[in-house]
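Right, one structure below, let's go through it.
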Amino acid sequence: MVFNSLDFLIFLPIVFICYWFLFSKKIKIQNSFLLLASYLFYGLWDWRFLFLIFASTLVDFIIGQAIYNSNSDKKRKTWLWFSVIFNVGLLGFFKYYNFFIDSWVDFISVFGYDLKSSWTLQIILPVGISFYTFQTMSYSLDIFYKRLKPTKDFISFATFVSFFPQLVAGPIERASNLLSQITTKRTFDSKQCIEGLKLILWGMFKKVVIADSIAPIVDDIFANYTDYPASTLILGVSLFSFQVYGDFSGYSDIAIGTSKLFGIELMSNFKFPTFSRNVAEYWQRWHVSLSTWFRHYIYIPLGGNRVGKIKSIRNIIIIFLVSGFWHGANWTFIVWGAIHAVLYIPVFLMGRNRIYMNTVVAENRWFPSLTEIAQIILTFSLVTFSRVFFRSESITDAFGFIKQIISNFNYESYQHPLGYRMIDYFILLGLFTVYEFRIRRDERAPFKFNSKIVRFIIYTLVILGMLLFYDDRIDRSFIYFQF
């Protein structure tokens with residue numbers, strides 16, 4: 001089941017009404033119902049993979065208790081390694097098994113051996129496996145680092161792992177935030193629900209009007225890049241930047257908004273990365289739950305930036321390569337991660353990787369300065385270039401795409417594959433960018449205007465936009481479901 005479906009439109013109000021009006025007296029019953037609803041939500045995609053979620057839940061629930069009760073560091077480390085090996089092994093088999101086999105065959109072929117491997121398998125990638133395995137691992141890691149005490153309530157822990165709004169594409173939550181809310185009595189808050197509905201509406205707008213409407217253009221350009229000049233290819237990868245942002249941040253907004261309906265606050269996952277002034281700030285604003293996960297559980301344990309410049313650079317490279325590999329079993333993602341490491345390291349060496357942590361562009365001003373505009377354009381361009389690899393099906397296609405830009409550096413007007421006017425999309429993206437800049441100070445309040453008339457006009461335009469741009473010929477699946 002996905003958020004932008006009729007099934008979810010029926011599912012959500014039923015769960016909401018039962019949650020608050022039938023099962024709210026006792027928290028254990030309420031959590032049990034939420035767990036069943038979450039398993040139903042996932043099981044409607046493919047019930048066979050529910051056992052993977054249950055297995056990951058059971059393993060880390062037991063290991064969390066074992067780590068906490070162990071009386072020696074050796075035993076604690078042993079139990080932690082069980083968690084890491086189990087979860088990474090689960091992820092490795094379903095997501096990376098064929099990648100490793102195919103990569104080995106390709107490597108052997110370099111030496112003249114023509115192998116026809118019979119080891120590859122027809123493996124279905126379980127939706128959300130990259131997200132919930134990291135979430136359960138973080139629980140055991142936090143107990144190991146003595147940041148958290150384990151829970152003895154299996155139902156609450158299972159609900160933490162499978163909480164349906166963020167189960168399949170995040171945000172990747174920590175037990176200190178999400179589990180603590182699940183184990184605490186929740187009361188109905190109409191203001192919180194209204195805030196949630198607003199976020200759902202804005203997330204749906206970003207998904208339907210921005211991401212889905214652009215998708216056919218991007219798909220056409222990347223599938224037929226050899227037929228187009230540089231102007232069209234640059235247009236295609238630039239639009240992909242808007243598409244992936246609208247798609248993923250839209251999902252996160254819907255997840256956060258849906259959670260609010262159930263009295264639960266998830267962490268913010270996107271903080272207007274389009275307006276980042278350097279690559280370091282970009283990663284402080286893009287997919288925040290994943291970047292903080294890598295920082296807390298890999299970068300800092302490796303020594304972070306406290307181990308000298310050379311080792312710090314090594315740690316940065318490791319983080320970005322792992323991040324790339326997390327995104328998919330393809331060398332394109334690893335190269336994408338490597339590019340971001342190359343872009344990040346100069347910012348780090350100049351000591352500018354943390355200067356924008358607590359500020360937004362054009363702080364206390366209506367408009368950005370010329371310097372800030374130049375910084376934003378440069379950062380967007382660099383990040384967009386890296387997405388050639390992120391979007392391409394193979395390394396060969398990625399380099400072919402770049403080669404075509406260089407060798408056919410010409411301009412031609414582009415015709416929409418479904419016959420729509422391109423000027424409409426340019427106007428749409430321009431207005432969207434201006435609006436996002438206006439609300440850039442608070443990613444959780446997309447309609448924060450004092451005037452009721454202004455709010456009514458914006459609500460009307462958002463709903464009309466979704467009705468106008470909805471097209472049932474377009475694939476409406478979320479991009480990050482494949483990860």
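Please read all numbers here as calculations on a predicted model, not as lab measurements. Because only heavy atoms are used, hydrogens play no part in the values below, and waters and symmetry mates are left out as well, while side chains stay in.
The distance between the ring centers of Phe385 and Trp336 does not fall below 6.0 angstrom.
The side chain to side chain donor-acceptor pair (under 3.5 Å) search around Tyr356 returns Arg352, Gln375, not counting sequence neighbours. Taking Arg76 as the reference, Asp73 meet the salt bridge (charged side-chain N to carboxylate O under 4.0 Å, His left out) condition, with sequence neighbours excluded. For Asp142, the salt bridge (charged side-chain N to carboxylate O under 4.0 Å, His left out) criterion is met by Arg147, not counting sequence neighbours. With sequence neighbours left out, the side chain to side chain donor-acceptor pair (under 3.5 Å) criterion links Tyr299 to no other residue. With sequence neighbours excluded, the residues forming a salt bridge (charged side-chain N to carboxylate O under 4.0 Å, His left out) with Glu265 are Lys260, Arg444, listed by chain and number. Taking the ring-ring contact (aromatic ring centres under 6.0 Å, His included) definition, one finds that Phe399 meets it with Phe389, sequence neighbours left out. Remark: Glu281 pairs with Arg277, Arg285 by the salt bridge (charged side-chain N to carboxylate O under 4.0 Å, His left out) rule, at least two apart or across chains. Judged as a side chain to side chain donor-acceptor pair (under 3.5 Å), and not counting sequence neighbours, the contacts of Asp219 are Arg391.
Under the side chain to side chain donor-acceptor pair (under 3.5 Å) criterion, no residue pair touches residues 307-323, with sequence neighbours excluded. Sorted by first and then second residue, the salt bridge (charged side-chain N to carboxylate O under 4.0 Å, His left out) pairs with a member in residues 414-436 read Arg421-Asp424; sequence neighbours excluded.
In this structure, Arg387 satisfies the cation-pi test against Trp286, with its NZ or CZ atom closer than 6.0 Å to the six-membered ring centre and inside 45 degrees of the ring normal.
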Under 3.5 Å, which donor-acceptor pairs do the side chains of residues 197-212 form with other protein atoms, sequence neighbours left out?
residue, atom, partner, partner atom, Å
Lys206, NZ, Ser249, OG, 3.1
Lys206, NZ, Asp253, OD2, 2.7
Lys207, NZ, Asp212, OD1, 2.9
Lys207, NZ, Asp247, OD2, 2.6
Lys207, NZ, Arg476, O, 3.3
Lys207, NZ, Ser477, O, 2.9

Would you mind writing out the side-chain donor-acceptor pairs for residues 49-57 within the sub-3.5 Å range, not counting sequence neighbours?
residue, atom, partner, partner atom, Å
Ser56, OG, Asn87, OD1, 2.8
Ser56, OG, Thr136, OG1, 3.1
Thr57, OG1, Ile53, O, 2.7

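Here the OH-CG distance, from Tyr228 to Leu233, works out to 9.5 Å after rounding to the nearest 0.5 Å.
Judged by distance alone, the side chain of Ser83 and the main-chain N or O of Trp79 form no donor-acceptor pair under 3.5 Å.
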